[in-house]
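Just so you know, these numbers use all the heavy atoms, side chains as well, and skip hydrogens, waters and symmetry mates.
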Amino acid sequence: MSTQRRVETDVLIVGSGPAGASAALALSTYGVPNIVVTRHARLADTPRAHITNQRTMEVLRDLGVEQEVVARATPQHLMGNTVFCTSLAGEELGRLRSWGNDPLVQAAHDLASPSRMCDMPQNWMEPVLVEAAVARGTRLRYSTVYKSFEQDADGVTVVVEDRLRGDAYAIRAKYLIGADGGRSKVAEDAGLPMGGKMGVAGSVNIVFEADLSRYVAHRPSTLYWVLTPGATVGGIGAGLVRCVRPWNEWLIVWGYDVEGAPPDLTEEYALSVVRQLIGDDDIPVTIRSSSAWTVNEMYAESYSNGRVFCAGDATHRHPPSNGLGSNTSIQDAYNLAWKLKLVLDGAAAPSLLDTYTDERAPVGRQIVTRANKSIGETAPVFDALDLLTPQSPEQLLANMESRKEATPAGEKRRARLREAIDFKRYEFNAHGVELNQRYASAAVVPDGTADPGFDRDPELYHQPSSRPGAKLPHAWLTAGTRTLSTLDLGGGGRFTLLTGIGGEAWVAAARAAGAELGLDIATAVVGPGRAYEDPYGDWARLRGIGDTGALLVRPDLYIAFRRADGAADDAEARAVLGAALRRILGRD
């Protein structure tokens, strides 16, 4: 098969899933020419990933598609009664208010972000991202298989195969992004070092249609966990009935022994599992698809090799616990895109791209660990009912019935079950895992202050901070009759300088640095009588600087530089801010 022709672009992206599609969207939004190739003839045709957390919604807000996602997604208030039961039609064993729907957690969500989480199935999310990317300039090629790459000092030559014609051709790009999923050939060819292992358990996804409103509408949720004989075998810890679209489209996750042969995915097998978990054989059911997959615990220790970068499932492979997969994938792409833009423009040295691994690899490892840990945290629910040892179905039912007894043993069992369900907060209300990411890299300038750590459990609770390396805290501001978030002041592919009354020297310094370094740096002065006001005083409490201090916010809305007080004069402000930017850009 010979290479017949060559196509050129700045960035080639392999894969059109959440990582690849959001990379394309961000790059096209920033004006960077890019091509996306995918081996498939269409976008995702099954729901797969679905939980979309606040940080991802902030990214989509900056990229201009948040409202379209909100319009298509299942809203947060329909996500949150995570139910543990013997079947949907059977007995309920307990519930947990989840995904920010506990009143106290909801308050924390409202304080943390201008955006709300939602449930957006992958087959609905991908079209939003891809259509916006193509509308802004991305060139998309379906049925195009990545075959190999060769890189040199100036770029990457990638050979792809057109599956319709059967011929191969070369694409010459300055940079290559491998977003080709958990079996990434790009990551393999790039020799990215991996930690962990694949195939630690086996699961089956069954997509089906059924009107289950009589069993779920009164306790709306994204997830219904079924404790039934066989539910502890492989999989993600229990039988799971997941709502795709209320209340007629569903996906079941059921385990199998990964050491044995995978199940024969006939329609009869799929229907038998669906019937077991619903618990009502009279409900009409239509099976749409079924597929087997493995639970993985693998993460890349480096996300790049030269001009080749990987993102998404290519770099972090884990079960769907905590709903972190597509969120982390989209955030990977958002971190990388602005850095590629500045390097391609010549505003930053190529060394800026090294910070992608420095910043995202620790996050990838954390979420792989957290997702797999959450599987193990399901076992105490079973253990509370003595369901982990091999027993007859009759004995299992007797164990569950015993929780109703007016005896010390029954009271103890009830208490253990409540505690075990409550501990699942680490999977379903891990607000800190979603928002507490802190970056340490050359693209962050330390301010010399000691890291105070976290006041509360950093997995459960978000703690906003203006320290360099933290996400810009959200607070509501006003601009005339408009209300907007502090996050709305940044983004757009630009650095943003925030200061207060008396900090005008920083504004002048930002303009001077932008002219010198070829950067578009936005500025915002917050205070009474200024363009932006802080009527609630929330920003004053969160900003971590005085009125004359300054925060420099990166294009991905992370704090790059902080100065608590004012500069002595305009010359010092220019020198300090200029030095910080040159360090960040690798130009010092």
If only side-chain N and O atoms count, and only distance matters, is there a donor-acceptor pair under 3.5 Å linking [Y] with [X]?
X      : Y      : answer
Arg467 : Ser465 : no
Gln67  : Arg72  : no
Ser115 : Gln54  : no
Arg365 : Thr369 : no
Asp102 : Gln106 : no
Thr486 : His474 : no
Thr82  : Ser98  : yes
Asn335 : Gln331 : no

Spatial distance of atom [atom1] ([X]) from atom [atom2] ([Y]) [nearest 0.5 Å]:
X      : Y      : atom1 : atom2 : answer
Asp332 : Glu359 : CG    : CD    : 11.0 Å
Glu434 : Thr328 : CD    : OG1   : 9.5 Å
Leu489 : Leu472 : CG    : CG    : 8.0 Å
Ile367 : Leu324 : CD1   : CG    : 5.5 Å
Asn436 : Arg438 : CG    : CZ    : 5.0 Å
Thr56  : Ile51  : OG1   : CD1   : 11.0 Å

Which pairs of donor and acceptor atoms, one on a side chain in residues 248-258, lie under 3.5 Å apart (sequence neighbours left out)?
residue: Trp250; atom: NE1; partner: Ala210; partner atom: O; Å: 3.1
residue: Trp250; atom: NE1; partner: Trp247; partner atom: O; Å: 3.1
residue: Asp257; atom: OD1; partner: Glu259; partner atom: N; Å: 3.0

Which heavy atom of [X] sits nearest a heavy atom of [Y], and at what distance?
X      : Y      : answer
His318 : Ala371 : ND1-CB, 3.8 Å
His431 : Ala108 : CE1-O, 3.6 Å
Asp538 : Asp534 : N-OD1, 3.3 Å
Met194 : Ala187 : CE-CB, 4.2 Å
Asn296 : Gly199 : OD1-N, 2.8 Å
Glu58  : Ser113 : OE2-OG, 2.7 Å

Any salt bridge between [X] and [Y], counting N to O under 4.0 Å?
X      : Y      : value
Lys424 : Glu427 : yes
Glu297 : Lys197 : no
Arg219 : Glu92  : yes
Glu188 : Arg183 : no

How about [X] and [Y]: do any of their side-chain heavy atoms sit closer than 4.5 Å?
X      : Y      : value
Leu60  : Val65  : yes
Arg562 : Ile545 : yes
Met125 : Thr52  : yes
Ser221 : Met79  : no
Ser16  : Leu43  : yes
Arg55  : Val59  : yes
Pro75  : Cys118 : no

Looking at residues at least two apart in the chain, or sitting in another chain, which of them share a salt bridge (charged side-chain N to carboxylate O under 4.0 Å, His left out) with [X]?
X      : value
Arg42  : none
Arg245 : none
Asp488 : Arg61

With sequence neighbours excluded, residues passing side chain to side chain contact (heavy atoms under 4.5 Å, CB included) with Glu411:
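Glu411 satisfies side chain to side chain contact (heavy atoms under 4.5 Å, CB included) with Arg414 once adjacent residues are dropped.
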ring-ring contact (aromatic ring centres under 6.0 Å, His included) involving Phe423 - partner list, sequence neighbours excluded
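ring-ring contact (aromatic ring centres under 6.0 Å, His included) list for Phe423, sorted by chain: Tyr426.
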Could I get the full list of ring-ring contact (aromatic ring centres under 6.0 Å, His included) partners for His50, not counting sequence neighbours?
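Result, ring-ring contact (aromatic ring centres under 6.0 Å, His included) vs His50: none returned.
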Under the side-chain hydrogen bond (donor to acceptor under 3.5 Å, both in side chains) test, which residues partner Ser402, sequence neighbours left out?
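side-chain hydrogen bond (donor to acceptor under 3.5 Å, both in side chains) list for Ser402, sorted by chain: Arg413.
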Without placing hydrogens or testing angles, list every side-chain donor-acceptor pair under 3.5 Å for residues 262-273, not counting sequence neighbours.
residue: Thr266; atom: OG1; partner: Tyr269; partner atom: N; Å: 3.1
residue: Ser272; atom: OG; partner: Tyr269; partner atom: O; Å: 2.6

May I ask you to decide if [Y]'s main-chain N or O and [X]'s side chain share a donor-acceptor pair within less than 3.5 Å?
X      : Y      : answer
Ser466 : Arg543 : yes
Asp180 : Gly15  : no
Arg360 : Thr357 : no
Asn327 : Asn53  : yes

Does anything in residues 56-80 form a ring-ring contact (aromatic ring centres under 6.0 Å, His included)? List the pairs, not counting sequence neighbours.
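Every candidate ring-ring contact (aromatic ring centres under 6.0 Å, His included) pair involving residues 56-80 fails, so no pair, neighbours aside, qualifies.
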Please output the side-chain donor-acceptor pairs of residues 227-240 that fall under 3.5 Å, not counting sequence neighbours, one pair per line with the distance.
residue: Thr228; atom: OG1; partner: Gln276; partner atom: NE2; Å: 3.4

Run Val216 and Val241 through side-chain contact (heavy atoms from CB on, under 4.5 Å) and show every step you take.
CA-CA 11 Å; Val216 300; Val241 184; over 6 Å; no
Verify whether the ring centers belonging to Trp99 and Phe428 lie closer than 6.0 Å.
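Trp99 vs Phe428: aromatic centres under 6.0 Å.
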With sequence neighbours left out, which residue pairs that include part of residues 198-212 fulfil the side-chain hydrogen bond (donor to acceptor under 3.5 Å, both in side chains) condition?
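Only Asn205-Trp293, Glu209-Arg288, Asp211-Ser213 qualify under side-chain hydrogen bond (donor to acceptor under 3.5 Å, both in side chains).
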How far apart are the C-alpha atoms of Ser329 and Asp313, what are their side-chain angles, what is the distance that settles it, and do they pass the side-chain contact (heavy atoms from CB on, under 4.5 Å) test?
CA-CA 7 Å; Ser329 300; Asp313 288 355; 4.1 Å; yes
So His316 and Tyr303, side-chain contact (heavy atoms from CB on, under 4.5 Å) or not? Walk me through it.
CA-CA 10 Å; His316 34 83; Tyr303 281 22; 3.5 Å; yes
Candidate pair Trp225 and Leu277, rule side-chain contact (heavy atoms from CB on, under 4.5 Å), full reasoning
CA-CA 9 Å; Trp225 293 81; Leu277 270 61; over 6 Å; no
